[in-house]
Amino acid sequence: MDTPYAITINGKRVPTATTRAAINPATEKDICLFPLATRDHLDQAVVAAQESFSIWRDRPLEERQALVAKLGDLISENRESFIRLLITEQGKGRAGAEWEIGGSIHWLHEIAKQSLPPEVIVDKGEEQIVTRYTPIGVIGGITPWNFPLLLAVWKIAPALVAGNTMVLKPSPYTPLCTLLFGELAQSVLPPGVLNVISGGDELGQWMTEHPGIGKISFTGSTVTGRKVMSSASVNLKRLTLELGGNDPAIVLPDVDPKKIAKDLFWASFANSSQFCVACKRLYIHEDVYDAVAHELVEYAKTVTIGDGLTDGVELGPIQNRMQYDKVLNLLQDCKDRGQRFLLGGEASASPGYFIPVSLVDNPPEDSRVVVEEAFGPVLPLLKYRDIDDVVRRANNSPYGLAASVWGKDVKKAEAIASRLEAGTVWINQIHTFSPDIAFGGHKQSGIGIENSLHGLAEYCNTQTLMRRPLAV
Ligand code: NAD
């Protein structure tokens with residue numbers, strides 16, 4: 001069946017017999033059909049990636065880097081189309097879409113400058129010991145629906161720079177930007193280097209089991225991450241797992257509530273809280289709890305929620321029905337337990353998966369809204385008095401993705417930050433990312449690193465090469 005966006009295998013558009021509708025979450029209307037790849041398509045994609053691997057690996061690093069940078073130019077040349085498509089399929093507001101598309105361009109350009117030169121351990125003339133970084137082979141990339149293109153780029157750029165080839169699968173909820181990118185990329189890359197196939201969750205599982213794939217780079221939920229880890233054991237695949245989080249933010253008593261409200265709001269509600277590193281538990285010192293809560297409510301009232309294609313909209317809907325129902329269920333649980341909303345709490349009946357910004361007033365620490373990753377705009381505000389107690393509560397989670405500390409006394413904030421169990425801890429800032437800054441989760445928030453040379457190294461095998469002259 002013909003679809004506007006096709007899967008790309010070995011440099012070509014490939015038709016599929018079955019399709020599914022991509023839905024605009026702001027209207028609940030179909031955008032278009034997208035292709036569902038079969039196991040056979042996956043096999044074809046893996047073979048194409050295997051066959052192009054030796055050619056791509058042997059191309060000089062500088063050429064691979066230049067082609068990856070050109071992928072950034074491709075997005076740049078089609079920037080407005082990508083922004084509109086991203087708003088339509090993901091639901092985010094215009095500023096959020098500009099951030100993601102701008103970020104995708106930036107990452108491709110900057111990761112294209114990275115390399116891991118061999119490290120010479122011993123150098124005594126003809127006798128030498130060198131550590132080299134060699135590509136793994138075929139990388140399987142699996143991505144979620146909250147930042148579909150940017151998180152795909154975080155995988156594509158280092159995988160290709162390091163000399164690997166790739167089979168990439170976007171989320172079935174947001175396949176379109178990635179399919180479009182996959183097709184455009186063929187004007188730059190040799191056939192088979194980047195194959196993009198869309199399908200249901202089962203396609204992800206087939207990838208993790210496929211013996212022709214050497215590494216899975218996965219971003220998604222912890223529940224799925226465990227399944228990925230289990231099926232990847234089939235051929236001892238290398239793994240990078242970027243998983244869920246339940247990030248705490250700690251607000252110290254010396255903050256100015258009015259001044260800090262805006263930052264705290266966006267820390268939690270950017271991308272309608274569908275952000276792995278959204279602040280999902282806001283611990284506020286009891287001296288400023290009421291004032292910070294009041295200012296948050298006041299700021300939230302100024303934020304416009306709606307269809308991202310409408311001018312001025314800052315926050316969009318939940319991306320899909322499954323997640324919408326999950327968040328509604330969490331709101332219901334708050335109500336069932338008699339918890340008080342300072343704002344929100346009720347979804348409107350109008351079309352679109354809209355949930356209003358909802359602030360829950362100091363719920364018990366063991367309630368679902370505190371313990372679970374909401375992944376929607378429902379934030380528990382939690383009171384604390386004692387620093388040791390708040391550090392213990394912040395760390396009391398199976399997750400360890402990121403955290404933040406907010407206070408005028410930066411030294412004091414840093415002392416607290418250094419006790420938090422998380423892959424990234426921000427002080428008086430949040431969501432600062434860069435191609436050069438390592439990002440990854442502790443505990444059940446993941447395994448491995450994306451970005452920086454640590455991230456690049458994850459797309460490589462480490463090889464020790466020792467030489468010496470033949471004894472005569
Ligand atoms: P998800 O785990 O449901 O799906 C992620 C991807 O995995 C999708 O492409 C899906 O089709 C695929 N998949 C589903 N079942 C699979 C299986 N058995 N084997 C292999 N692949 C399978 O996650 P989601 O709902 O799309 O994304 C939201 C989650 O992602 C949240 O928990 C969020 O915190 C997390 N996330 C983490 C990061 C990070 O960098 N740590 C970034 C963004 C999102």
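Values below: all heavy atoms of this structure, side chains included; hydrogens, waters and symmetry mates excluded. Atoms within each ligand, like the ligands themselves, are counted from 1 in listed order. Computed from a predicted structure; not experimentally measured.
- Using cut-offs of 30° and 60° for the angle between ring planes, the H431 and F275 rings count as tilted.
- Of the charged side-chain nitrogens involved, none lies within less than 4.0 Å of a carboxylate oxygen, so that E89 and R84 do not count as a salt-bridged pair.
- The number of heavy atoms from other shown groups lying within 6.0 Å of CD (E414) does not exceed 12.
- Between T208 and ligand 1, not a single N/O pair is under 3.5 Å apart.
- Taking any N or O of N146, backbone or side chain, none lies under 3.5 Å from an N or O belonging to ligand 1.
- Atoms of ligand 1 lying under 4.0 Å from at least one heavy atom of L151, given by number and element, are 42 (C), 43 (C).
- Within the 4.0 Å heavy-atom criterion, neither part of Y173 lies near ligand 1.
- Protein heavy atom nearest atom 24 (P) of ligand 1, with residue, atom name and distance: W145 NE1, 3.4 Å.
- For ligand 1, none of its N or O atoms has an N or O atom of S445 under 3.5 Å away.
- Where the criterion is an N or O separation shorter than 3.5 Å, residue side chain and backbone included, K227 fails it with respect to ligand 1.
- Considering both main-chain and side-chain atoms, G220 comes within under 3.5 Å of ligand 1 through a nitrogen or oxygen pair.
- Considering both main-chain and side-chain atoms, T143 comes within under 3.5 Å of ligand 1 through a nitrogen or oxygen pair.
- Within ligand 1, counting atoms from 1 as listed, the ones closer than 4.0 Å to a heavy atom of F375 are 28 (C), 31 (C), 33 (C), 34 (O).
- With contacts defined as side-chain heavy-atom distances shorter than 4.5 Å, the pair M207/V167 qualifies.
- Considering backbone and side-chain N/O atoms, K169 comes within less than 3.5 Å of an N/O atom of ligand 1.
- For ligand 1, the polar-atom distance check against T224 finds a nitrogen or oxygen pair separated by under 3.5 Å.
- The N/O atoms of F218, backbone and side chain alike, include none that comes under 3.5 Å of an N/O atom in ligand 1.
- The side-chain tip of K215 points at the ring of Y459 from less than 6.0 angstrom away and within 45° of straight on.
- When atom types are taken as modelled, the side chain of T3 and the backbone of F34 share no donor-acceptor pair closer than 3.5 angstrom.
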